[in-house]
Protein chains: 2
Amino acid sequence: SRVLVLNSGSSSLKFALLDPHSGEQYLSGIGEALGGPEPLLTWKSPGQKHSRQLDSGAAHGVVIDLLVRDLLAGSQPAAGNLIAVGHRVVHGGEQFAHSVVIDQKVIDAIAECAALAPLHNPPGLLGIHAAINAFPEIPQVAVFDTAFHQTLPRHAYLYALPYALYRDQRIRRYGMHGSSHRFVCERAAELLRKPLRELNIISAHLGNGASVTAVRNGQSVDTSMGLTPMEGLVMGTRCGDIDPGLLLHLGDALGFSLEKISSLLNRESGLLGISQLSNDCRELESAAADGHEGAKLALEIFCYRLAKYIAAYTVPLQRVDAVVFTGGIGENSIFVREQVLHQLRHLGFHVDAKHNESIRFGAEGRITAADSAVALVIPTNEEWVIARDAAALVRPGE
Amino acid sequence: SRVLVLNSGSSSLKFALLDPHSGEQYLSGIGEALGGPEPLLTWKSPGQKHSRQLDSGAAHGVVIDLLVRDLLAGSQPAAGNLIAVGHRVVHGGEQFAHSVVIDQKVIDAIAECAALAPLHNPPGLLGIHAAINAFPEIPQVAVFDTAFHQTLPRHAYLYALPYALYRDQRIRRYGMHGSSHRFVCERAAELLRKPLRELNIISAHLGNGASVTAVRNGQSVDTSMGLTPMEGLVMGTRCGDIDPGLLLHLGDALGFSLEKISSLLNRESGLLGISQLSNDCRELESAAADGHEGAKLALEIFCYRLAKYIAAYTVPLQRVDAVVFTGGIGENSIFVREQVLHQLRHLGFHVDAKHNESIRFGAEGRITAADSAVALVIPTNEEWVIARDAAALVRPGE
Ligand SMILES: Nc1ncnc2c1ncn2[C@@H]1O[C@H](COP(=O)(O)OP(=O)(O)O)[C@@H](O)[C@H]1O
Ligand SMILES: Nc1ncnc2c1ncn2[C@@H]1O[C@H](COP(=O)(O)OP(=O)(O)O)[C@@H](O)[C@H]1O
């Protein structure tokens, strides 16, 4: 059996066709610049890469139609027996602590949550509607980025704001990257041979967006992203934690509009903002090696802030079975992992340089010395989480 | 010899006359509701309390005139030999890493820093001008709340923002409560019998405003307040850390103006906002004991966030000689100290219940068990720091 996984952004649509049991991908790709003058579709099937220019203005529906008519048809028989379409939905608010089969009530609830994620939920709904049109007979499943964090206790999810903002406006910490944190958590339990319900880890998802989560007894108990994906760690172009008074200062003293502040903090900050060079960790590492001061500084701040979060999350956990690195940076950056663990040496972490250098590019395993507290690298696989959840919901017994 | 210490707020002026060597106070008081219809002056000299209604509209100058004509004159001969006036100035920007004797250049520089602290520096200048008028012959000294934190390394003071905001607008972490953190730091060195330059502590100043500072080798290396006093811990009415995206959400989705957001986050948040009851820790503790849910929640969040900061600050310190509690809450709250240290038990902290219960109301000492990591209570004394600095600058040899 196969599940088609869809991940819709405002101008992009990622898709993957996979076996929910093995995780094997038969087809994957992305439609980019959708709605613009030159939309582009690129995809790969095992051993082959393809790309196709789409008509000007082509949007999510066009990509899905092509998927159905050409791509899936062309992948037969591998694509046979599609049992579900799984959708990544960014914000499930407090309504969704688990994945669900999509019906009208679910669609309405996702639309309601759009008030909390105006940039992210509307494109998710676009994808859902297009997929319902294209596959009217096949069950659609929603998998929420926030769901894994619905186990946070009150003292971790409430901000120190007037309580009415939570009660009436649902303003609280929700957290994101839930599927990724859940994936590495389940995998860490296997690697450490511990029942998930006894597992305490701190998982660092370090991609363009980045978040760190404290998992106690298999459940998320704190996480660095908040109401929105702006809070927490330094990211590619997002600022992460800043003084709230700083935003007011940008408005008051410098006369910036909210719109300007938003684009500044979302798109011009983070690694890019500090380095004035790039949002890309790999580029920064090579520039830093060549002596670029901004690149060095950006990496230094990134690592210092991550190390502080990990140390802070020892508070809700008390006992940490492992720190887990994932996402593009976590899976590949020798430098970041080494720096962060070095700053945590007082907590018993000592990198094994050989393992740290060899575990990259999709490899998995332990990067700390034998007598050290444990740090693992686990390549994340959000598509697989989505496909598994979808399959479990539509074929419960399997 | 005596130093007069002045601390000017926008509508208040605190003053104290003290011996810079012993710290003994001969006179202290506060003018409140200055500039309003019913300004009030209250003061005490050893053994006596006084208060006096001032004329409608009376401001900082009137208080200082009364100080000179009535109060100081009435305190003779104890008040004799005034060698300096010491001013608390909130924001010294990057210009001031130490206290200085005030001249026109210093006044200009403080005025420049007012762009960074529009609520705080202008009243400080009011007090300075009034004092120069009243005591034209006596040296005036400025002591900055930010100065102690000028030793922060770049990776701790830079936000992950476009670098130009730092280079051109001086937007960075400055930190506050510097005199208090410095005071407890020097005292901790004495209590622990360590040279200051080898002392590593985490000092928590918990008053209506609250901040926590990591001190390595006697120098501040990280601190929770930022560009403004809004960042960091939960405070009486300030929110501390929140998602920057949350502010944008308040503006975008809820249509709040910057002014409304500012007053919400500065005056209606923190302990008051969560509890919907009070900004006062003592009141919250007694309400929580009576089962008030909001009060319990506010205290829980306050303690959890503080414990996380302390754990995070083990990263820059690696070795922590002591955690130090100060400020009204730190000096007095059995509950907060017990809760916070309990959450840090994985780092070796174990409260000694008897000592925790007895060290309050101005007492000083260790509140952890013999085999525990060390936590100290040290009553802060910002006036004394200011008086000492002033005396040291105007009478260097003494
Ligand atoms: N070999 C590498 N060394 C360091 N960083 C890497 C390496 N490979 C990828 N990265 C970084 O991973 C980040 C992208 O992570 P990824 O998880 O793919 O992003 P997204 O959040 O968009 O899914 C980029 O900063 C990239 O530079
Ligand atoms: N006995 C006490 N128990 C708990 N909290 C106390 C106690 N005494 C004072 N506090 C708290 O100290 C805080 C005021 O601290 P203080 O340092 O005086 O404030 P400020 O920052 O205005 O100087 C208030 O929250 C008050 O409730």
Side-chain angles (χ1 to χ4, degrees), chain A residues 115-116 118 154-156 158-163 169 171 173 226-231 234 239-249 251-254 258 261-262 264-265 268-271 273-274 276 294 297-298 300-301 304 307-309 311-315 318-319 343-347, chain B residues 115-116 118 154-156 158-163 169 171 173 225-231 234 239-249 251-254 258 261-262 264-265 268-271 273-274 276 294 297 300-301 304 307-309 311-315 318-319 343-347:
Chain A
L116 295 169
R154 268 187 334 175
H155 60 264
L158 281 179
Y159 293 106
L161 295 172
Y163 192 76
Q169 311 288 348
I171 288 179
R173 177 183 310 284
L227 174 72
T228 80
M230 276 178 79
E231 191 175 1
V234 177
C239 59
D241 296 325
I242 57 169
D243 184 349
L246 197 162
L247 273 101
L248 299 170
H249 182 76
D252 278 348
L254 304 184
L258 276 184
I261 296 176
S262 169
L264 193 79
L265 303 185
E268 299 165 39
S269 293
L271 294 173
I274 305 168
Q276 291 297 294
L297 191 53
E300 228 178 299
I301 296 174
Y304 178 59
K308 283 201 290 181
Y309 259 102
Y313 284 169
T314 63
V315 167
Q318 294 292 319
R319 185 201 79 237
Q343 295 186 46
L344 296 170
R345 63 197 180 281
H346 65 302
L347 301 179
Chain B
L116 295 170
R154 269 189 332 176
H155 60 264
L158 280 180
Y159 294 106
L161 296 173
Y163 193 76
Q169 311 288 349
I171 288 179
R173 178 183 309 284
M225 281 179 170
L227 174 72
T228 79
M230 275 178 81
E231 191 175 1
V234 178
C239 59
D241 296 324
I242 57 170
D243 185 349
L246 197 162
L247 273 102
L248 300 171
H249 182 76
D252 278 347
L254 305 184
L258 275 185
I261 297 175
S262 169
L264 192 80
L265 303 185
E268 300 164 37
S269 292
L271 294 174
I274 305 167
Q276 291 297 293
L297 190 53
E300 229 178 297
I301 296 174
Y304 179 59
K308 282 200 290 182
Y309 259 103
Y313 284 168
T314 64
V315 167
Q318 295 293 319
R319 185 200 78 238
Q343 295 186 46
L344 296 170
R345 63 197 179 281
H346 66 301
L347 300 179

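Since this is a predicted model, take the numbers as computed values, not measurements. Heavy atoms only: backbone and side chains are in, while hydrogens, waters and symmetry mates are out. Letters A, B, ... are given to chains in the order of the sequence lines, protein chains preceding strands, and every chain is numbered from 1.
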Next on the checklist: Is B/Arg319 in contact with chain A via its backbone, its side chain, both, or neither, using a 4.5 Å heavy-atom distance?
Outcome noted: neither
Checklist entry - Less than 4.5 Å apart, any side-chain heavy atom of A/Asp241 and any of B/Asp241? => result no
Checklist entry - With a 4.5 angstrom heavy-atom cut-off, which part of B/Leu265 approaches chain A: side chain, backbone, both or neither? => result side chain
Checklist entry - Non-hydrogen atoms of chain B under 4.5 Å away: do they reach the side chain of A/Ile171, the backbone, both or neither? => result side chain
Item to check | Residue, of B/Lys308, B/Glu300, B/Met230, B/Gln318, that accumulates the most heavy atom pairs under 4.5 Å with chain A | outcome: B/Gln318
Checklist outcome for this item: Tightest non-hydrogen contact, residues B/Ala311 and A/Thr314, listed as CB-OG1, 4.2 Å
Checklist outcome for this item: With chain B, the option among A/Arg173, A/Glu268, A/Gln169, A/Arg345 that has the most non-hydrogen atom pairs under 4.5 Å is A/Arg345
Checklist entry - A/Leu264 versus B/Leu161: any side-chain heavy-atom pair under 4.5 Å? => result no
Item to check | Pairwise distance CD(B/Gln276) to OH(A/Tyr163) - rounded to 0.5 angstrom | outcome: 9.5 Å
Checklist entry - Can you tell me how far CG of B/Leu116 sits from NE2 of A/His249, rounded to the nearest 0.5 angstrom? => result 5.5 Å
Checklist entry - What part of B/Ala115 lies closer than 4.5 angstrom to a heavy atom of chain A: side chain, backbone, both or neither? => result backbone
Checklist entry - For chain A, which of B/Pro244, B/Gly294, B/Ala307, B/Cys239 has the most heavy-atom pairs under 4.5 Å? => result B/Pro244
Checklist outcome for this item: The interface call for B/Tyr313 against chain A, heavy-atom contacts under 4.5 Å, is side chain
Next on the checklist: Tell me which one of A/Leu247, A/Leu227, A/Ile242 satisfies side-chain contact (heavy atoms from CB on, under 4.5 Å) with B/Leu247.
Outcome noted: A/Leu247
Item to check | Among B/Val234, B/Ile261, B/Leu347, B/Ile274, residue most engaged with chain A (heavy-atom pairs, under 4.5 Å) | outcome: B/Ile274
Item to check | Check: B/Val315 and A/His346 side chains under 4.5 Å, non-hydrogen atoms | outcome: yes
Checklist entry - Which pair of heavy atoms, one from B/Thr228 and one from A/Gly245, lies closest together, and at what distance? => result OG1-CA, 3.6 Å
Next on the checklist: With rounding to the nearest 0.5 angstrom, report the CD1 to CG distance, B/Ile301 to A/Leu158.
Outcome noted: 4.5 Å
Checklist outcome for this item: Per-residue tally against chain A (heavy atom, under 4.5 Å) across B/Gly240, B/Pro229, B/Pro162, B/Ser262 peaks at B/Pro162
Checklist outcome for this item: Among A/Gly226, A/Ser269, A/Ala156, the residue with the most heavy-atom pairs under 4.5 Å to chain B is A/Ser269
